[in-house]
Every structure is written in C-alpha cells, then in structure tokens.
Amino acid sequence: MNVFNDAVMSERLPKSMYKLLKKTIEGGLPLDPSIADTVANAMKEWAVERGATHYTHWFQPMTGITAEKHDSFISLLDNGRVLMEFSGKELIKGEPDASSFPSGGLRATFEARGYTAWDCTSPAFLKDDSGIITLCIPTVFCSYNGEALDKKTPLLRSMEALSKQALRVLALFGNTTATRVISTVGPEQEYFLIDKKYYEKRKDLIFCGRTLFGAMPPKGQELEDHYFGSIKERVAAFMQELNTELWKLGIAAKTQHNEVAPGQFELAPIFNTTNISTDHNQLVMDYMKKIANRHGLVCLLHEKPFAGVNGSGKHNNWSMATNDGQNLLEPGSTPHDNAQFLTFLCAIIKAVDDYAGLLRVSCANPGNDHRLGANEAPPAIISMFLGDQLTDIIEQLTNGGPKSSKQGESMSIGVTTLPALAKDSTDRNRTSPFAFTGNKFEFRMVPSSLSISGPNVILNTIVAEVLCQIADRLQNSSNFNGELRVVLRDIARNHKRIIFNGNNYTQAWVEEAKQRGLRNISSTVAAIPELITKTSLELFEKHKVLSNTELHSRYEILLEQYSKQINIEARTMLDMGKRQIIPAVIKYTNLLASSIYNIKGAFSGAQVTVQEEILTEISETLVKFKAKLDDLESALAKVHNGGATHAYAEAVSYRDIVFTAMAQLRAEGDKLETMVDAELWPMPTYAEMLFML
C-alpha cells in the first residue's frame, strides 16, 4: 500500500506514458525524459494524498547504510499562498553534498558536488516515521565526474553485463523470445534481539555493535533448544509489526523463526530482482532496528555480537531468469539431457573457481572475521556444493558426456497413516559457502550487516565473464554441438576441484582444500587486495561495471573502514576497562579485604582462608588485566605513531598488533567477570542479554 508500484502507475499515468515507462523498467531501455514531469506529478499527488509533505532521493553510499536528504513539495507563490509542486527535473536528478561520504580518493574534501539520479527500475515508496510520511525515490549516487560513489550503480551495471552475455548464449540455443536476463535474489536475514535496558548499559554494543567483554553463561546453545523453538510473545509481537510494515513497502517477508543461538532469529523474503532485493534488504535492516525500539528491544545486526555462540549472516539465494519466463538454473527432471542448464551451471562452476578471491572479498568485513570458520558458518575457503545428482553429471562430463541423472526415491516413514514422501534427488548442505539448492545457489558467506550489493555485483560480473568466454567459443565454431561438448568437458575437468559435498566445518576439509589448490583467505585485510589484482581490474573494466579508478577507491574505503572499526573497538575496550571493570574489581577486593579484617578482629581464631584465597586470585588477575590494558594502549600508540605510508600497511598493523592485544585483554576481563560479585559487575552479562527477553 506504500509503494508506487505497477498497479498505481497504470491507474494514475496516461496509457501512453505508462507504456513508455514500462518499456524502460522491463526492457532495460533508456528513460524517455519527456515522461518525467507527468510521472513526477502523479507520484507527488499519490504521496500527498497519503500525508507526505517531503520527498527524498534515497541512495546507498559506501557507508553501507542508506542516505536521504529531505525536501518539501512546498513552493511559495507571490500572493503568499503555497503550491505543492514536484517537477520531472526534481524526480530525475538531485544534488546532495558528496564531500563527507566515503570516496576512497575519488573526491577531495573541498569538492562537494555529487548527483543522485532516479532508478526507475526500483519503485518509489513512502516511509512512515511515527506519522511523518516521506516519499522515497531510489537513486544512484555519483560524483561530479561520473564515478560511482554508491553501491547501486555498479549493481545495475553488473545486471546489464550479465543480461548481455546470457542472451548471447541463449541465442545460440535458439531462444528468440528472451530480450533480457535478470539476476534474482532472496536474501535471508539473521539478527539478534536483546532488551533495550541491557543494551543501554553496554558501551561496546552502543559503539561497536558487539560485546568486547563477556563470559559465557552456564548454558549457551549446546542443547539446540532455541532453533525453530516456540517464539516468545514479546518477539512474536515485534515480528508481527515488522511483517506488517514490510508488506506495506512491498517486501514479501515470508518466513520467520528462532535461529540456533539464544536470542537469535531469522527473516526470509520471497525473491525479487537483484536490484529491488538489495533495496528491500536495506529497508529490512532499517525497519528491524526501528520496530525493535518500539517494543523495548534492540536489534543487533553485527556478525558476532556474542562470542561463544553462533553469529549472524545473510543467505544470498541467487539465480537467473529470462523475461520470457525461464529460470536458467532449473535443471528439470533429467538434467543430463538439459544442455542449456548444464551450460549455465558449468559457467557458474568456472566463475566461482576462477574468481574465488573476489567472492571472498565480497563477504569481507571485520565482523565476519569472527564468524567465518567457526562451527556455524562456512570457512573462508570458497567451494561449491552440487549434491549427488549434479556432481555425478559433472563426473560424467569429464568422461565424455552425461548419459543419466540420479533420481529421487520415495521415503516410507513407517507409519501407516502417513503418506510416502518423494525424496529429492539430493540432500542439502548447510556448511557449504556456495550451495546449489534446487534451482538457485545459496551464497552463505555474506555478513549480516553488509549490503548484498557487493556480493551480487561480483556474482553477476564473474558469471557474465565466463558466459562471454563460452559464447565466443561457440560462435566461432562451425560445429555447435561438438564444440559445446568440448567446452563443458573442459570446464568439468579443469574446475571440478571447487566442488565439495562434505562437511566444510572439519579440519580435514581445510587440509584437503589446500591439496586441491583452493585458497584460504582468513582475514578481511588479506582479502581486500583481491579487488585490485590485474585480473580483477581487467574483468570489471571489460564489462564496464567498475573502472580501475572506482575499484581502487573501494580498495581504499574497505581498508580505511577496517582500521577505523578496530580503532573504535580498541578505544572502547580501554574505556570500559579503565572506567568500569577496574573500579568494580577494586570495590569488590576492598569488600573482601574489609571482610577478612573484620572477621579476624571479631574472632582471632576465625578461618578466613577462603576469602584470602579469593582475594589473592582476583588481585593477581587484576594485575594481569591492567598489564594487558597497558599493552593495548601501547599497541594503539604504536600503530598511530608507526607512520604507515599507505592504508594497507595500517590495516595490517591493526589486525596483527591491536586486534591481538584486544583478544588478550578480553581473556583476562572475562575471567574477572566470573570472579566478581554479580551485584558489583558493571555491565549486563550474557545470561541476562541472551536469555531474558
């Protein structure tokens, strides 16, 4: 009801204007500027009728969140009256200040001009902030010189690149009806909820989004009793309001449930085009936080807000579809006979193997460094799960050609009143970073707080490149069928190393992956340079997704964001340690010492060995804690005064020096928490935050 969607446009626009706009949206054709005034007026009238007084060009800068500058529809007339006005020029183009957004060197501080441009392929919508209605117009954001300063521009470019190359391949298979190929995504979103009263007492959650100190409670997730469990009433009320608000925005929130960790939950929408799904996921994260606050809760989207229990990610369910109704990753009942499907499947296999480093950097942020590789998420090694049926077909391809497809069977449950169930042709694998799940791939490495734009820009582009390679070979061959067999056989033989259907969580897989030649890029800092390798620069330049300059800017931004995040976390730890933990421990040791003194004074033969033992142990731990606090302070000073000549060297120092010191300080701090009187501990514990909703 709050979306300027197709139904609203068909009702409010003249038929001729509506058809022109539909051609742009559905056919990827250039926008006809002559329709802008008519669309703008219809959009304004629709918004004003619903109480809107302002509009904004809603964009996605490199901060990873959304941005908006509000302008009213009001124009003053000479007679002092007011006119509600919105022109086509205002719809198509805006000019927010670009100087304070991350640019990675694309813009100097004094160069303030930036432009937003209407993206008509993602519908405008109304945001309701406690009764204040704003018309939001999805836009791209670029610099004065035309470089992309946002996450939407390269995504739209990558979608066009994929469509172009996929259509070339489809044409070779005789498809004459498809005029566009669209990548689609359904992003599942994991998140934590905690009581707001606890959040407000945790500086680390407020400043960093994760707990920097915190001892594990007696019970964690080991009983696995939270997963898919009964949803508590307070959480259910939050979910109900969230669903309602998302549905109003056209976001088809479909599934909700308890996740593995206590206090953790998941929301899954129905898939949409990659561009719209990316916009929707940004709104999902925004509304989760906003609506949680209304219920006295706080939504945590950090990848690892609590050490020792599962963290949160996004499952990026990606596929390709034609505008004439085909899902290009639908294998059919006999995939060995489906040459078109096998071609697109093999293209993805080769793309994932050739550009594994790029897929890894697409999921790199400081929070995900805590999550990847734990027994909850895929390791930092990129591999693919295909399942028994498709893996068998790939093996057949390596040996000349597929002749059969393994079929699913019926499964008898052993209860006469229950029907026999049709088994799928293969099981699923939740440990794989990139798993085939029937008619799509589930990219499970994506961090929970990250925009899904980056991973999908890379997915679209690398698949476009391999499809281009395949199309070139097939177009230059006089024997299509013969050359296709050779192409698929070569890909199967040369890239099957990326296929792994086993348990990705085991150390055995880490060793096997190394033997296969698969890389284990274990940290964000190690992954970021993958953006500016010669191969990457040539890839993105070739498909006009990101220029060399734009790629280098993103390289600089990611490094800078990493260093800043670790710096904020380290300074927060110092503040908490000095101003909260040490005073609390001193207060407790004073009470112990006074207790010992008073007991001895009251009765000379009294036994105080327990109190003395506790006092000794906690005092020794406090000394160690203070020493580690000093070490962290020295580590920060070393990095700040080290004179790193470039962003990469600085990020390496933060990872190797500061982050290491933080881990050592935390170990002593968490030990102190288990020793100090609970009434004196200065911050809410894991037991309170995770279990008291």
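Positions are given from 1, in the same order as the sequence printed here. Hydrogens, waters and symmetry mates are skipped; everything else that's a heavy atom, side chains included, is used.
Aromatic rings of Phe101 and Phe59 (six-membered ring for Trp) have centroids within the 6.0 Å cut-off, being under it. Aromatic rings of Phe265 and Phe238 (six-membered ring for Trp) have centroids beyond the 6.0 Å cut-off, not under it.
At a threshold of 4.5 Å between non-hydrogen side-chain atoms, the residues Thr38 and Pro14 count as touching. Proximity of Cys142 to Asp150: side-chain heavy atoms (C-beta onward) are nowhere separated by under 4.5 Å. Under the 4.5 Å side-chain criterion, counting only non-hydrogen atoms from C-beta, Val39 is in contact with Trp118. When side chains are defined from C-beta on, Asp279 does not count as touching Ile276, because their heavy atoms never get closer than 4.5 Å. Within the 4.5 Å cutoff, side-chain heavy atoms of Cys468 are placed close to those of Lys542. In this structure, Tyr191 and Leu301 have side chains that are in contact, with non-hydrogen atoms separated by less than 4.5 Å. Side-chain contact between Tyr355 and Thr535: present, with at least one pair of heavy atoms (C-beta onward) separated by less than 4.5 Å. For the pair Leu126/Leu135, a side-chain contact is recorded, criterion being any heavy-atom separation below 4.5 Å from C-beta on.
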Step by step, work out the salt bridge (Lys or Arg N to Asp or Glu O under 4.0 Å) result for Arg12 and Glu45. CA-CA 9 Å; Arg12 290 179 174 263; Glu45 292 293 331; over 6 Å; no
Pair Ile348, Met320 - check side chain to side chain contact (heavy atoms under 4.5 Å, CB included), show working. CA-CA 11 Å; Ile348 296 169; Met320 295 177 284; 4.1 Å; yes
One pair to check against side chain to side chain contact (heavy atoms under 4.5 Å, CB included): Asn316 and Leu459. What are the steps and the verdict? CA-CA 11 Å; Asn316 190 85; Leu459 264 175; 4.1 Å; yes
Chi angles and distances behind the side chain to side chain donor-acceptor pair (under 3.5 Å) call for Ser547, Glu147: CA-CA 8 Å; Ser547 67; Glu147 297 103 342; over 6 Å; no
Determine, step by step, whether Ile182 and Met159 satisfy the side chain to side chain contact (heavy atoms under 4.5 Å, CB included) criterion, reporting the C-alpha distance in whole Å, the side-chain angles of both residues, the deciding distance to 0.1 Å, and the verdict. CA-CA 7 Å; Ile182 306 151; Met159 292 174 70; 4.3 Å; yes
Could you go step by step and tell me if Glu465 and Gln469 meet the side chain to side chain contact (heavy atoms under 4.5 Å, CB included) rule? CA-CA 6 Å; Glu465 168 57 22; Gln469 296 170 11; 2.8 Å; yes
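The line from OG of Ser449 to CD1 of Ile65 is 11.0 Å long, rounded to the nearest 0.5 Å. In this structure, OG1 in Thr273 is found 8.0 Å from NE2 in His280, a value given to the nearest 0.5 Å. With values rounded to the nearest 0.5 angstrom, Glu266 atom CD is found 8.0 Å from Thr255 atom OG1. Remark: Gln326 CD to Leu170 CG distance equals 6.5 Å, nearest 0.5 Å. Rounded to the nearest 0.5 Å, atoms NZ (Lys290) and NZ (Lys127) are 4.5 Å apart. Annotation: the span from Leu531 atom CG to Leu358 atom CG amounts to 6.5 Å, rounded to 0.5 Å.
Using modelled atom types and a 3.5 Å distance limit, the side chains of His57 and Thr139 yield no donor-acceptor pair. Looking only at atom types and distance, the side chain of Lys440 has a donor-acceptor partner in the side chain of Thr437 under 3.5 Å away. Side chain to side chain, Glu245 and Asn2 fail the donor-acceptor criterion of an N or O pair below 3.5 Å. Side-chain contact check for Ser319 and Asn327: at least one donor-acceptor pair (N or O, by modelled atom type) lies under 3.5 Å.
The closest donor-acceptor contact from the side chain of Asn272 to the backbone of Ser277 lies at 3.5 Å or more, if one exists at all. For the pair Thr134 (side chain) and His54 (backbone), a donor-acceptor distance under 3.5 Å is absent. A distance-only check finds a donor-acceptor pair linking the side chain of Arg50 to the backbone of Trp46 [under 3.5 Å]. Using modelled atom types, no side-chain atom of Thr461 and backbone atom of Ile458 make a donor-acceptor pair closer than 3.5 Å.
Counting heavy-atom neighbours within 6.0 Å of Glu95 CD, excluding the residue itself, gives a total above 12. For Tyr144, the OH atom sits in a loose shell: 12 or fewer heavy atoms of surrounding residues, nucleotides or ligands are nearer than 6.0 Å. Within 6.0 Å of the NZ atom in Lys289, the count of heavy atoms belonging to other residues, nucleotides or ligands does not exceed 12.
A salt bridge does not link Lys23 to Asp32: none of the charged nitrogens lies less than 4.0 Å from a carboxylate oxygen. Ion pairing between a basic and an acidic side chain is recognised when a charged N comes within 4.0 Å of a carboxylate O; Glu90 and Lys44 show no such pairing. The pair Arg360-Glu530 does not count as a salt bridge, with every side-chain nitrogen at least 4.0 angstrom from each carboxylate oxygen. Ion pairing of Lys22 with Glu26 is present here, as a side-chain N (NZ or NE/NH1/NH2) and a carboxylate O approach within less than 4.0 Å.
Looking at Leu155, Val545, Leu156 one by one, the single match for side chain to side chain contact (heavy atoms under 4.5 Å, CB included) with Asn460 turns out to be Leu155.
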